[in-house]
Amino acid sequence: MNTNELINVLSADAQRSPLLGRSWTITLCLGFLAAFLLMTVTIELRPDLLQVILTWRFLAKLALGLSLALVSLVMARQVSRPEAGSVSFWLGAIPLVVMCQASLAEVILVPASEWWPRMVGSNALFCLSYIPILSLPPLAITLVTMRHGATTKPALAGAVAGLLSGALGATAYALHCDDDSPFFVALWYSIGIACVSGLGSLIARRMLRW
Amino acid sequence: MNGTLRDRELQLADLLRAALGGDAAAYRQFLALFSQALRPVVRSACSRAGLQAAEHEDVLQEVLLAVHAKRHTWQTGEPLGPWVQAIVRYKVIDTFRRRGRRIEIPIEDVMNDLPAPTAEIEQSAMGLLDRYMSALTTRQYEIVKSVSIENASIRQTAHRLSMTEGAVRVALHRAIASLTRAYRSSLS
């Protein structure tokens with residue numbers, strides 16, 4: 001087939017194609033919904049949710065997850081475009097500030113002898129393994145959306161996809177987990193999310209090539 | 001045709017914008033102008049990478065398939081240049097890598113230095129694409145042949161094969177996707 005003939009074929013396929021903008025909002029919602037459903041059917045909401053829902057520690061946990069999710073959504077959109085010159089990594093400072101502020105408050109409010117037990121928490125290993133598990137469905141959804149884009153930096157795009165999915169998984173997990181101390185969250189949640197980010201990057205090296 | 005560079009980029013952008021709205025004629029014109037402009041760029045990159053002349057047109061066709069598959073990622077309000085450049089650079093490097101060539105190619109000049117479309121005659125009529133046609137189903141093959149070689153419209157093709165136009169469109173769309181995949185997985 002020569003190139004003119006190829007052009008005949010391609011121009012016959014000029015249908016209106018879907019726009020990327022809205023699919024990211026859908027990805028965010030579907031991703032969270034998937035993680036949330038998986039959490040409720042496997043490990044269930046914490047029973048005292050209604051009592052803690054307005055405590056600052058619980059809210060800080062949610063704020064961390066949601067701010068990280070939103071920030072990585074912005075970066076995911078940027079890195080999905082082929083000409084993505086610059087990804088706004090500085091946005092990562094927002095969830096970081098949330099985490100530091102909450103930790104600082106904990107330092108002030110809690111005596112030093114309590115710091116270590118609070119950081120270790122009651123089920124760190126479970127948290128460490130379950131955040132990645134809850135992040136898998138959003139990771140799948142996010143990577144499929146990204147495949148629809150055209151990233152020229154697959155590994156980076158995968159890491160961002162993992163960050164987004166990890167944040168969604170962590171937010172869902174926060175509704176189950178009764179370790180509310182910002183120390184615990186800063187340590188174990190971060191490690192869990194980082195693992196998902198690494199996994200995303202590994203998968204994307206192959207999956208996001210086009 | 002012989003306007004300034006800026007005019008040519010704007011013209012291509014207008015055509016692609018119309019194409020994304022479903023205008024097949026504008027899309028054909030876009031692909032024709034774009035491939036003419038791209039051919040010298042691809043050729044010189046290929047020569048520097050030491051590819052056989054017969055492979056140059058294959059690389060060009062692969063870039064066209066990539067532009068086709070990813071055309072929706074261009075944001076119609078943005079300039080076309082940086083987007084096209086990024087796609088071309090990524091795809092050319094990708095095709096070289098799969099052919100075992102590793103060279104850094106300065107493709108920056110694809111749009112900055114968009115050559116005036118010349119009617120350079122293409123070589124290699126029997127390229128890789130023909131080999132990948134075997135990845136298609138019989139129906140898809142008939143449709144692609146009808147549309148490509150015989151240059152039939154969707155309607156004529158549908159009539160000839162006693163299919164609905166919608167079914168032809170869907171089959172053609174899937175055929176292009178298979179060809180693109182076959183290209184991608186080849187040589188790797």
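Every chain is numbered from 1 and lettered A, B, ... according to where its sequence line falls, protein lines coming before strand lines.
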Notebook entry, point to check: What residue, out of B:V168, B:I154, B:D23, B:I87, has the most heavy-atom pairs lying under 4.5 Å from chain A?
Noted result: B:I87
Notebook entry, point to check: Does NZ or CZ of B:R48 fall inside the cone over B:F96's six-membered ring, less than 6.0 Å from its centre and within 45° of the axis?
Noted result: no
Item checked: B:K145 versus chain A, the contacting section by heavy-atom distance below 4.5 Å -> neither
Check: With A:L10, which of B:R71, B:R28, B:H68 fulfils side-chain contact (heavy atoms from CB on, under 4.5 Å)?
Finding: B:H68
Checklist line | Which atoms of B:I149 approach chain A - backbone, side chain, both or neither, heavy atom under 4.5 Å | finding: both
Next item on the list: Check each atom of B:L64 against the heavy atoms of chain A and say whether the ones under 4.5 Å are side chain, backbone, both or neither.
Entry: both
Next item on the list: List the steps, then state whether side chain to side chain donor-acceptor pair (under 3.5 Å) holds for A:N8 with B:S148.
Entry: CA-CA 5 Å; A:N8 290 338; B:S148 65; over 6 Å; no
Notebook entry, point to check: Between B:E150 and chain A, which part of the residue has a heavy atom less than 4.5 Å away: side chain, backbone, both or neither?
Noted result: neither
Notebook entry, point to check: With a 4.5 angstrom heavy-atom cut-off, which part of B:N151 approaches chain A: side chain, backbone, both or neither?
Noted result: both
Checklist line | Side-chain ion pair, B:E142 and B:R160, N-O less than 4.0 Å | finding: no
Notebook entry, point to check: Counting heavy atoms not belonging to B:Y141, are there more than 12 under 6.0 Å from its OH?
Noted result: no
